[in-house]
Amino acid sequence: MDFLELSKQRYSVRDYAEQPVEREKIEQIIEAARFAPSAVNFQPWVFLVVREKENREKMQECYHREWFKTAPCYILLCADKSQSWKRKVDGKDFGDVDVAIATEHMCLEAVDLGLGTCWVCNFDPKKVRENFQLPENLEPIVILPLGYPNKANCNEIPKVRKPMTEIVRWEKL
């Protein structure tokens with residue numbers, strides 16, 4: 001699929017079919033993330049795949065939305081702060097940026113495979129840390145629900161985007 005068309009087809013899925021996601025497709029999605037660029041190529045990420053009922057329930061305790069419970073799979077994307085690059089001038093840690101890039105690679109690969117995702121950042125990181133015994137160096141950045149979109153409840157509303165003239169400046173602000 002053409003990249004721009006793929007980008008236009010990605011949307012935040014908030015209702016998933018009960019159909020489980022095949023392991024091969026999950027691995028392909030993670031492979032796309034593995035090839036994402038990162039600061040100084042440090043690749044400071046860890047991906048936790050959650051598919052078993054008991055662990056999905058633990059993930060659902062971290063983000064209380066009914067639609068979230070419909071996902072048959074979650075991928076928790078963490079930044080490994082012990083491996084992430086820090087900018088020397090001001091100490092900015094790029095682990096969260098690197099994980100964000102990997103997340104979008106996953107989202108786009110999922111669309112290409114007929115799957116849907118939704119970036120979830122408004123979760124309780126302390127609860128995630130407790131429920132999944134994350135070591136101190138891992139910072140949970142994104143929970144990515146993954147599954148087949150429930151087409152019966154899918155409203156394919158056109159994306160509202162700002163016009164180019166509002167977001168682009170040429171040569172000066």
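Atoms considered below: every heavy atom in the structure, side chains included; atoms not considered: hydrogens, waters and symmetry mates.
The number of heavy atoms from other shown groups lying within 6.0 Å of NZ (Lys8) does not exceed 12.
Although no hydrogens or angles enter the test, the distance criterion places no donor-acceptor pair under 3.5 Å between the side chain of Asp124 and the main chain of Cys62. For Thr70 (side chain) and Tyr16 (main-chain N/O), a donor-acceptor pair under 3.5 Å exists by modelled atom type. Remark: the backbone N or O of Lys86 is not paired with any side-chain donor or acceptor of Lys88 at under 3.5 angstrom. For the pair Arg51 (side chain) and Cys73 (backbone), a donor-acceptor distance under 3.5 Å is absent.
Taking the centre of each ring, Phe94 and Phe42 stay at or above the 6.0 Å mark.
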Worksheet entry | Worked verdict on Glu27 versus Arg23 for salt bridge (Lys or Arg N to Asp or Glu O under 4.0 Å) | CA-CA 6 Å; Glu27 289 173 350; Arg23 182 182 179 108; 2.8 Å; yes
Discussion item. Quick one, Glu52 with Glu54, criterion side chain to side chain contact (heavy atoms under 4.5 Å, CB included). Give me CA distance, side-chain angles, the key distance, then yes/no.
Written reply: CA-CA 6 Å; Glu52 294 178 7; Glu54 179 182 320; 5.5 Å; no
Practice prompt. Starting from the C-alpha separation in whole Å, work towards a yes-or-no answer on side chain to side chain contact (heavy atoms under 4.5 Å, CB included) for Ile101 and Val97.
Written response: CA-CA 6 Å; Ile101 297 167; Val97 174; 4.2 Å; yes
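The heavy-atom pair separating Ser38 from Pro44 by the smallest distance is CB-CD, 4.1 Å.
Distance SG/Cys107 to CG/Leu146: 9.0 Å, rounded to 0.5 Å. One distance of note links CG of Leu48 with CG of Asn55; it measures 7.5 Å at 0.5 Å rounding. Summarising the geometry, atom CG belonging to Leu6 is positioned 8.0 Å from atom CD belonging to Glu109; distances are rounded to the nearest 0.5 Å. Atom CG of Asp112 and atom NZ of Lys25 lie 10.0 Å apart (nearest 0.5 Å). Here Glu139 contributes atom CD and Trp45 contributes atom CH2; the two are 15.5 Å apart, rounded to the nearest 0.5 Å. Between the CG atom in Leu138 and the SG atom in Cys78 there is a gap of 5.5 Å [rounded to 0.5 Å].
Criterion: ILVMFWY side-chain heavy atoms under 4.5 Å apart, direct or through other members. Under it, Trp67 and Ile75 are not part of a common hydrophobic cluster. Connection of Val50 to Trp119 is not established within any shared hydrophobic cluster, with ILVMFWY side chains joined at heavy-atom distances below 4.5 Å, either directly or through further cluster members. Val49 and Val21 fall within a single hydrophobic cluster, where Ile, Leu, Val, Met, Phe, Trp and Tyr are joined by side-chain heavy atoms under 4.5 Å apart, directly or via other members. Using a 4.5 Å cut-off between side-chain heavy atoms of Ile, Leu, Val, Met, Phe, Trp and Tyr, with links allowed through other members, Val13 and Phe68 fall into the same hydrophobic cluster. Both Val99 and Ile26 are part of a single hydrophobic cluster, where members link through side-chain heavy atoms under 4.5 Å apart.
Using modelled atom types and a 3.5 Å distance limit, the side chains of Tyr63 and Lys69 yield no donor-acceptor pair. With hydrogens and angles left out, the side-chain atoms of Gln60 and Tyr74 include a donor and acceptor closer than 3.5 Å. Defined by atom type and a distance below 3.5 Å, a donor-acceptor pair is present between the side-chain atoms of Asn131 and Glu61.
Using a 4.0 Å cut-off between a side-chain N of Lys or Arg and a carboxylate O of Asp or Glu, Glu57 and Lys53 qualify as a salt bridge. A salt bridge links Glu31 with Arg34: at least one charged nitrogen is closer than 4.0 Å to a carboxylate oxygen. The pair Glu104-Arg10 counts as a salt bridge, with a side-chain nitrogen and a carboxylate oxygen less than 4.0 angstrom apart.
Using a 4.5 Å heavy-atom threshold, the side chains of Val128 and Leu134 count as touching. Considering only heavy atoms from C-beta on, Leu115 comes within 4.5 Å of Leu113 through its side chain.
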